[in-house]
Structures are given as C-alpha cells and as structure tokens.
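In what follows, a structure is listed as structure tokens, so that the remarks can point back to it.
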Number of protein chains: 2
Amino acid sequence: MATMTAAERRERGREAYDAYLAECPSRHVLDRIGDKWVSLLLVALADGPRRYAELGRAVAGVSQKMLTQTLRGLERDGLVSRTVTPSVPARVDYALTPVGRSLVDLIGVIKVWAEGNIAAIEAARTEYDAREQPPA
Amino acid sequence: MATMTAAERRERGREAYDAYLAECPSRHVLDRIGDKWVSLLLVALADGPRRYAELGRAVAGVSQKMLTQTLRGLERDGLVSRTVTPSVPARVDYALTPVGRSLVDLIGVIKVWAEGNIAAIEAARTEYDAREQPPA
DNA sequence: CGGGATCCATGAAGATACTG
DNA sequence: CAGTATCTTCATGGATCCCG
C-alpha cells in the first residue's frame, strides 16, 4: 500500500480541491470568459440585440453547434436574454441583460490591461525563445 | 461546387478569424487566465516566492506535468521569474514579476466582479433549470 | 529535489444531416 | 430561420517512468 500513498494523496487533494473550486465564484467567471466564443459573442452583442444568424455571421468561424451551445450557457447564467417571435419564419433575438452588460464592461477592463501589457509579454516571450533555442 | 459554398465560406471565415485572433492582445490574456492552473498558481505566488514542491502542495491537485508546463508558460510570458540555486539538492524558486503582480491585481478585479454577481448568476441558473425541466 | 519524455483516456470542438 | 442529433477528430490533462 505504501506505493499508493503518493497517488492517493493527490487524489484526496483533487477531491477536496474540486469541492473548493465548485463554490469559488471566481472559477465560474474565469471559466466563462476563458471560453473562446463567450467573449466574442458578448462583444458582438454589445452594440445591441442580434438575431441568431447575425451572430453567426458576426463571429464568423463559429459552428452552429458552438453558437447554440454558447448562447444557451449564457442564457442560463442570465447574461443574455432570448426572445422568440413566432412569426412565419421564426425570429429569435438575443440581447445582453444588465448583468451581461456589466460582464462586457469587465471584459473591457481586461482588454485595457491586455493592450497595456501585451508589448512586455511579447518581448519577454521573444527573449525567452531566443535564450532557449539559439541556433538550429 | 455550389454545394461546397457554405463550408468554404465558413473555412475562409475561420482562417481570417484565426489571423485576427492571433494578433488580438485580449485573446492571449483571456486564454491565459482562462487556464485552470494559471490563476491558482498566480495567487499562490501572490504572498511571495515559492519553491516548486511548495507550489505543488499549495495548489493541491495539480500534476507534475501541468505544474511544470504552466510554470514554463508563465515564465515565458515574463509573468513569473525562475531562480535556480545550484545547491546539493537543487533549489528552484518562483516569484511574480512586476507584470505578473499586475496580472494578479487584474484577477483581483475579476474576483470582485465574480463575488458581486455570482448570486444573480446562480439565481438565473436555478430559475432556468427549473423552467426547462419541471418534473422528472 | 526538480524536472523531461512518453503513453493513454477523455472530453470538447467541428462537420454533416435532418427537423419544426 | 433556428435549431437538434450524431459521428469523428483532435487537443489536453493526467499517470508513469526515468534522469541530472
């Protein structure tokens, strides 16, 4: 059993950790905005309500599946609202909710930080790569 | 060829998109902080320098591979510094760089937003789930 | 102690086809 | 128009073994 101790300990740690993470608000938010399409969709909605197909074109490159899936997730979290107008060709509009709009603001803050520090980051990256792999 | 148009258009869009994303500073930052271990490691380092094994224990649940990999990425981006002390049992200390510290601050901002809005989000989520799946 | 290298399972993203 | 359902592919994380 002694040889299992290390693995066991890690698993114990992971369990406790998962539980901890599950109730960590930051985690949820981080997971959301870390999603490739969430931020893009959110800023696409920043200008105003958009229809399903409009979002598909605005984000260009997203598959129907991911578009729907992401939208559903955002709707579930109360970040966007979904309004169905049962006309002949059904019409569905998506819009930011107040909370969603405030999240867009937060993304704006992140964007500002990113633009202010990207130069330093890329410089560090270039230097790092140059140091580790001098010749061919 | 007419039947390929849709797929082609999407692929064209995706190519242009990837190029666009590649030079979008926000994307890099979002990808970084979206990483499960990055934020955890960063806050673990907020209190001061830590050794490799200390970080492993502090974050509890991370595998050696991810710990090393994440640390390397952060080092490459100039967010953490790596100091090797070639004593008998080698000693390696990791610490936040100024840029890294400022990123921790940004994470702090995100945390504040998260804690301020998690209630609304969870409420929306509960309501959504209740609406879509009333009985069993 | 602090990793590097390798193999493998899993889950997410994408393409495709079909429906109300 | 606005999805849903299914299949396949592929990247990511994790476990393990080994080395300086």
Side-chain angles (χ1 to χ4, degrees), chain A residues 3-15 17-18 21 31-32 34-38 40-41 49-75 80-95 132-133, chain B residues 3-15 17-18 21 31-32 34-38 40-41 49-76 80-95 132:
Chain A
T3 56
M4 281 293 293
T5 313
E8 277 185 340
R9 272 235 301 263
R10 205 179 316 134
E11 193 180 351
R12 289 290 185 85
R14 209 167 54 74
E15 284 171 22
Y17 221 65
D18 289 347
L21 288 180
D31 284 346
R32 269 255 163 277
D35 188 282
K36 183 179 179 182
W37 304 115
V38 167
L40 297 170
L41 237 28
R50 288 276 184 281
R51 299 182 57 178
Y52 182 84
E54 284 181 318
L55 287 172
R57 259 173 276 116
V59 176
V62 68
S63 64
Q64 279 194 334
K65 178 185 173 181
M66 291 318 295
L67 182 55
T68 299
Q69 185 174 308
T70 306
L71 248 14
R72 286 285 179 284
L74 292 175
E75 187 197 355
V80 305
S81 63
R82 179 169 176 270
T83 311
V84 183
T85 307
S87 38
V88 180
R91 176 196 177 96
V92 181
D93 285 274
Y94 291 91
E132 302 306 311
Q133 316 207 348
Chain B
T3 56
M4 281 293 291
T5 314
E8 276 185 341
R9 272 235 300 264
R10 205 178 316 134
E11 193 181 350
R12 290 289 185 85
R14 207 167 57 73
E15 285 170 22
Y17 221 64
D18 288 347
L21 288 181
D31 284 346
R32 269 255 164 278
D35 188 282
K36 183 178 179 181
W37 305 115
V38 167
L40 297 170
L41 237 27
R50 288 276 184 281
R51 298 183 59 178
Y52 183 84
E54 283 181 320
L55 287 173
R57 260 173 277 116
V59 176
V62 68
S63 63
Q64 278 194 337
K65 178 184 175 181
M66 292 317 296
L67 182 55
T68 300
Q69 183 175 305
T70 306
L71 248 15
R72 285 286 178 282
L74 293 175
E75 186 197 355
R76 190 171 107 100
V80 305
S81 64
R82 179 168 177 271
T83 311
V84 183
T85 308
S87 38
V88 180
R91 176 195 177 96
V92 181
D93 286 275
Y94 291 91
E132 302 305 310

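Note on naming: letters A, B, ... go to the chains in the order of the sequence lines (proteins, then strands), and numbering restarts at 1 for each one.
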Any A:Trp37 side-chain N or O less than 4.0 Å from OP1/OP2 of C:dA12: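 Negative; the distance criterion is not met.
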How many Å lie between [atom1] on [X] and [atom2] on [N], as a whole number?
{"X": "B:Asp31", "N": "D:dT12", "atom1": "CG", "atom2": "C1'", "result": "14 Å"}
{"X": "B:Leu67", "N": "D:dG13", "atom1": "CG", "atom2": "P", "result": "13 Å"}
{"X": "A:Gln69", "N": "C:dA15", "atom1": "CD", "atom2": "P", "result": "14 Å"}

Contact state string [nucleotides 1-11 of chain C, B base, S sugar-phosphate only, - no protein heavy atom under 4.0 Å]: SSBB-------
pair A:Arg72-A:Glu75: side-chain heavy atoms closer than 4.5 Å: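 Heavy-atom side-chain distance check passes, below 4.5 Å.
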Option among B:Val62, B:Leu67, B:Leu40 that satisfies the side-chain contact (heavy atoms from CB on, under 4.5 Å) test with B:Leu55: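 Among B:Val62, B:Leu67, B:Leu40, the one meeting side-chain contact (heavy atoms from CB on, under 4.5 Å) with B:Leu55 is B:Leu67.
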For A:Val88, side chain to side chain contact (heavy atoms under 4.5 Å, CB included) partners two or more places apart: none
Approximate separation, where rounding is to 0.5 Å, of A:Met66 CE and A:Leu71 CG: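 Reported value, rounded in 0.5 Å steps: 11.0 Å.
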Inter-residue atom distance A:Lys36.NZ - A:Leu41.CG, 0.5 Å rounding: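 Between A:Lys36 NZ and A:Leu41 CG, I get 12.5 Å after rounding to 0.5 Å.
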Could you pull out every donor-acceptor pair under 3.5 Å between side chains of residues 80-87 of chain B and any protein atom, sequence neighbours left out?
residue : atom : partner : partner atom : Å
B:Ser81 : OG   : B:Ala95 : O            : 3.4
B:Arg82 : NE   : B:Tyr94 : OH           : 3.2
B:Ser87 : OG   : B:Thr85 : O            : 3.3
B:Ser87 : OG   : B:Pro89 : O            : 3.1

Non-neighbouring partners of A:Arg50 that pass salt bridge (charged side-chain N to carboxylate O under 4.0 Å, His left out), sequence neighbours left out: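 Result, salt bridge (charged side-chain N to carboxylate O under 4.0 Å, His left out) vs A:Arg50: none returned.
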With B:Arg51 via salt bridge (charged side-chain N to carboxylate O under 4.0 Å, His left out) - residues at least two apart: none
Angle between terminal axes - the helix from C:dC1-D:dG20 to C:dG20-D:dC1, 5 pairs each end, rounded to 10°: 50°
